[in-house]
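What follows is a set of notes on a single structure, which appears directly below.
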Amino acid sequence: MTNSFDQVLNRKNTQSVKWDFNKAVYGTDDVLPMWVADMDFKPPQKVLDVLSERIQHGIFGYTSPTTDTYKSVCRWLHKRHGFSVDASSIIYSPGIVFAISMAVQAFTNEGEQIVIQPPVYTPFFNMIQQNNRKLVENPLILENGQYKMDFADLEEKFAQGAKMMILCSPHNPAGRVWTKQELQKIADLCVQYNVILLSDEIHSDLVYKPNKHIPIASLSEEIANLTITCVAPSKTFNLAGLQASVVVIPNKSLRLKYQETQRRQGAGGLNTFGIIALQAAYNYGEEWLEELLPYLKENINTVHEFIQKELPDIELIYPEGTYLAWIDCRGIGFSDEELKERLLHKGHLALEPGPKYGTQGEGFVRMNLGCSKETVLEGLKRLKIALSK
C-alpha cells in the first residue's frame, strides 16, 4: 500500500467541524470525535498537486466547469458503476443537501407528500419540513441484522398521493447496498404511480465486495426519466469542504425546472477549488480508492470482532457500504439520554445519536470509521468504558 492511511494527522485548528466544534455540538472538547461523516485521510496526492499548482497561479477570478470536467464525471460513472450519462444531463451543486432542497422546491408544492425511509440521513427530514412539504415515512425493517424495505407499505404511501421519494443508496446510516431486485421494485412503483425519485448516491463509491452499487436511473429509460441522481467526490475522496457535487437529470423538462429553481435562489456555480478537485479526483483517484476500500473494510471487521468479543449485548449492523458503523445498543437497556451521557462523560467519545435519524434510530449510535486503525481501537476502548455498568 502506497498511501499512509495509518498515519494519524492533527486536524485541530483547521476549522474542522469534526475536530474543532465538539464544544458547540456536545458541550465538551474532551472527546474523541467519531461522529460527522468525513475521513481523517488526505485525498489522493495528485488532487493535492493539482490544487497546489492552481494556488501557485495566484489568480482566483470567476471560474466554471469545462468540457473536461463533464468528461471526467461521465467517465467515472460509466467505469465504476456502468452508468452511461450524457454530459447535457449534468448540473453542478455546492452540495447534495442543497440539491435535495432544490429538487423538493422544483418538483413538489407546499403541503404535498414526500416519502423517506428512516432511519435515514437527517437532512432528508429537514429539507422536506423546512420547505413546508408533508413528511411521509416508509420505515425500513430490521431483520436478522439487516435492513429491508417494506414494499407493501411503500406502495400504499404512493397510492395515497406521494409526489416524490428520496432514496438513500447506499444507505446512511445502515450501510445497506440495495440489490438490483430491490431497486427494480422501487423503480416499478415510481413509474406506476408517477413519483419523482431523488436518489442520494453520495456513498456509491464506498462499497465492499461482493456487493455492487447500481445507480437506480441505469435500470431503464422509464425510471431514468423520473430520477434525479446525486453523486459527489466528497465522501469518496474526503473533499466535503470544497463543496462540489453532481446532479444528473436525464429528463430535459425536469432538468430545466430544476435549473430554473436554482436560478431563482440566486445559486452560483462551483468554487474554483471545488471544480479542480472534483475533476482531478475522478481523473486520477481510482488507485487511491482501491487502496482505501480494503483499509476501511479492515476497520469494519475490527469493530465487528471487538463488539462480538467485548460487548456482546450490543450489535454492529454490518455495513455493505460506507465507512459508517450503525450500532444497536438496545440490548444494554440504557435510554438515549443515558447512552449519550455515558459516551461523552464516561468514555469521552463523541458518536452520532441514533434518534437524529428518526424514531427508528432510538437505542442506536453511529460511529465514523474513516480514520486510522489506531483511532478505531482507541474509540472501541472508550466505547467499552462508556457502556460498562
Side-chain angles (χ1 to χ4, degrees), residues 1-20 33-34 36-60 63-81 92 94-96 201-209 213 231-246 270-300 321-324 368-376:
M1 187 168 66
T2 57
N3 296 288
S4 300
F5 298 118
D6 278 327
Q7 186 180 7
V8 179
L9 301 170
N10 182 5
R11 295 184 60 191
K12 291 184 178 179
N13 301 313
T14 63
Q15 296 82 45
S16 165
V17 171
K18 183 178 181 182
W19 287 90
D20 291 328
M34 299 181 75
V36 69
D38 73 10
M39 297 188 287
D40 291 333
F41 307 133
K42 290 183 180 181
Q45 186 59 45
K46 182 65 174 178
V47 175
L48 297 176
D49 292 343
V50 171
L51 287 169
S52 178
E53 182 180 342
R54 185 65 180 83
I55 289 170
Q56 293 306 312
H57 180 270
I59 300 176
F60 311 111
T63 51
S64 183
T66 64
T67 300
D68 286 341
T69 314
Y70 287 86
K71 286 180 178 178
S72 70
V73 174
C74 293
R75 277 196 304 265
W76 183 265
L77 292 176
H78 185 265
K79 185 174 183 182
R80 297 295 298 187
H81 308 300
Y92 294 98
I96 287 180
E201 302 185 10
I202 195 170
H203 290 100
S204 57
D205 298 320
L206 300 167
V207 169
Y208 309 108
K209 295 176 181 178
H213 173 72
V231 297
S234 51
K235 301 299 181 191
T236 310
F237 300 105
N238 207 30
L239 299 169
L242 296 182
Q243 298 185 310
S245 301
V246 175
L270 301 184
N271 72 78
T272 301
F273 300 108
I275 296 170
I276 292 168
L278 178 148
Q279 185 173 323
Y282 284 152
N283 281 342
Y284 309 117
E286 190 166 37
E287 182 180 348
W288 181 92
L289 176 59
E290 289 301 326
E291 292 187 359
L292 172 71
L293 287 169
Y295 191 90
L296 294 176
K297 182 71 178 291
E298 187 176 332
N299 280 352
I300 292 168
T322 83
Y323 50 77
L324 306 169
N368 177 352
L369 305 183
C371 52
S372 68
K373 186 171 183 179
E374 179 182 330
T375 302
V376 170

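- Note on ring orientation: taking the six-membered ring where Trp is involved, the planes of F273 and F60 are tilted (angle from 30° to 60°).
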key: Criterion side-chain contact (heavy atoms from CB on, under 4.5 Å) on T14 and D20, from CA distance to verdict   = CA-CA 7 Å; T14 63; D20 291 328; 4.2 Å; yes
inquiry  = Run the side-chain contact (heavy atoms from CB on, under 4.5 Å) test on L239 and L278 for me, step by step, so that the C-alpha distance in whole Å, both residues' side-chain angles and the decisive distance to 0.1 Å come before the verdict.
reply    = CA-CA 8 Å; L239 299 169; L278 178 148; over 6 Å; no
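- The CG atom of N13 sits 8.0 Å away from the CD atom of Q15 when rounded to the nearest 0.5 Å.
- Taking the side chain to side chain donor-acceptor pair (under 3.5 Å) definition, one finds that D49 meets it with Q45, sequence neighbours left out.
- When atom types are taken as modelled, the side chain of Y208 and the backbone of T322 share a donor-acceptor pair closer than 3.5 angstrom.
- Under a cut-off of 6.0 angstrom, the local environment of NZ in K42 is sparse, with at most 12 non-hydrogen atoms contributed by other residues, nucleotides or ligands.
- Judged as a side chain to side chain contact (heavy atoms under 4.5 Å, CB included), and not counting sequence neighbours, the contacts of S204 are H81, P170, E201, H213, V231.
- Considering only residues two or more places apart in sequence or on other chains, R75 meets the salt bridge (Lys or Arg N to Asp or Glu O under 4.0 Å) condition with none of them.
- Looking at residues two or more places apart in sequence or on another chain, you find a side chain to side chain contact (heavy atoms under 4.5 Å, CB included) between N10 and K12.
- Not a single ring pair (Phe, Tyr, Trp, His ring centres under 6.0 Å) links W19 to another residue, sequence neighbours left out.
- Shown here for C371 and V376, the closest heavy-atom pair between the two residues is SG-CG2, 3.6 Å.
- Checked against side chain to side chain contact (heavy atoms under 4.5 Å, CB included), E53 has no partners two or more places apart in sequence or in another chain.
- In this structure, I96 and I202 approach most closely via the heavy-atom pair CD1-CB, 3.5 Å.
- Residues I275 and S64 share a closest heavy-atom pair of CD1-C, 3.6 Å.
- For K373, the salt bridge (Lys or Arg N to Asp or Glu O under 4.0 Å) partners are E298, not counting sequence neighbours.
- In this structure, K235 and L206 approach most closely via the heavy-atom pair O-CD1, 3.9 Å.
- R80 is linked by a salt bridge (Lys or Arg N to Asp or Glu O under 4.0 Å) to E286, E290, counting only residues two or more places apart in sequence or in another chain.
- When atom types are taken as modelled, the side chain of N238 and the backbone of F41 share a donor-acceptor pair closer than 3.5 angstrom.
- The shortest heavy-atom contact between A232 and S245 is CB-OG, 3.6 Å.
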message = With side-chain contact (heavy atoms from CB on, under 4.5 Å) as the criterion, how do L51 and L242 come out once you've worked through the C-alpha distance, each side chain's angles and the decisive distance to 0.1 Å?
response = CA-CA 11 Å; L51 287 169; L242 296 182; 4.2 Å; yes
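- Legend: residues meeting ring pair (Phe, Tyr, Trp, His ring centres under 6.0 Å) with Y282, ordered by chain and number and at least two apart, are W76.
- Using cut-offs of 30° and 60° for the angle between ring planes, the F237 and W288 rings count as tilted.
- The side-chain heavy atoms of T66 and Q279, taken from C-beta on, include a pair separated by under 4.5 Å.
- Contacts of S372 classified as side chain to side chain contact (heavy atoms under 4.5 Å, CB included), with partners at least two apart in sequence or in another chain: V8, Y295, E374, T375.
- Taken from CZ in R11 to CG in D40, the straight-line distance is 5.0 Å, to the nearest 0.5 Å.
- Distance check, rounded to the nearest 0.5 Å: CG of L270 to CD1 of I276 gives 11.0 Å.
- Remark: T236 engages D205 in a side chain to side chain donor-acceptor pair (under 3.5 Å) (not counting sequence neighbours).
- Taking CG from L292 and CD from E287, the interatomic distance works out to 12.5 Å, rounded to the nearest 0.5 Å.
- Under the rule for a side chain to side chain donor-acceptor pair (under 3.5 Å), the partners of T63 that lie at least two apart in sequence or sit in another chain are T272.
- To the nearest 0.5 Å, atoms CE (M39) and CG (N368) are separated by 8.5 Å.
- P233 approaches A244 most closely through the heavy-atom pair CD-O, 3.4 Å.
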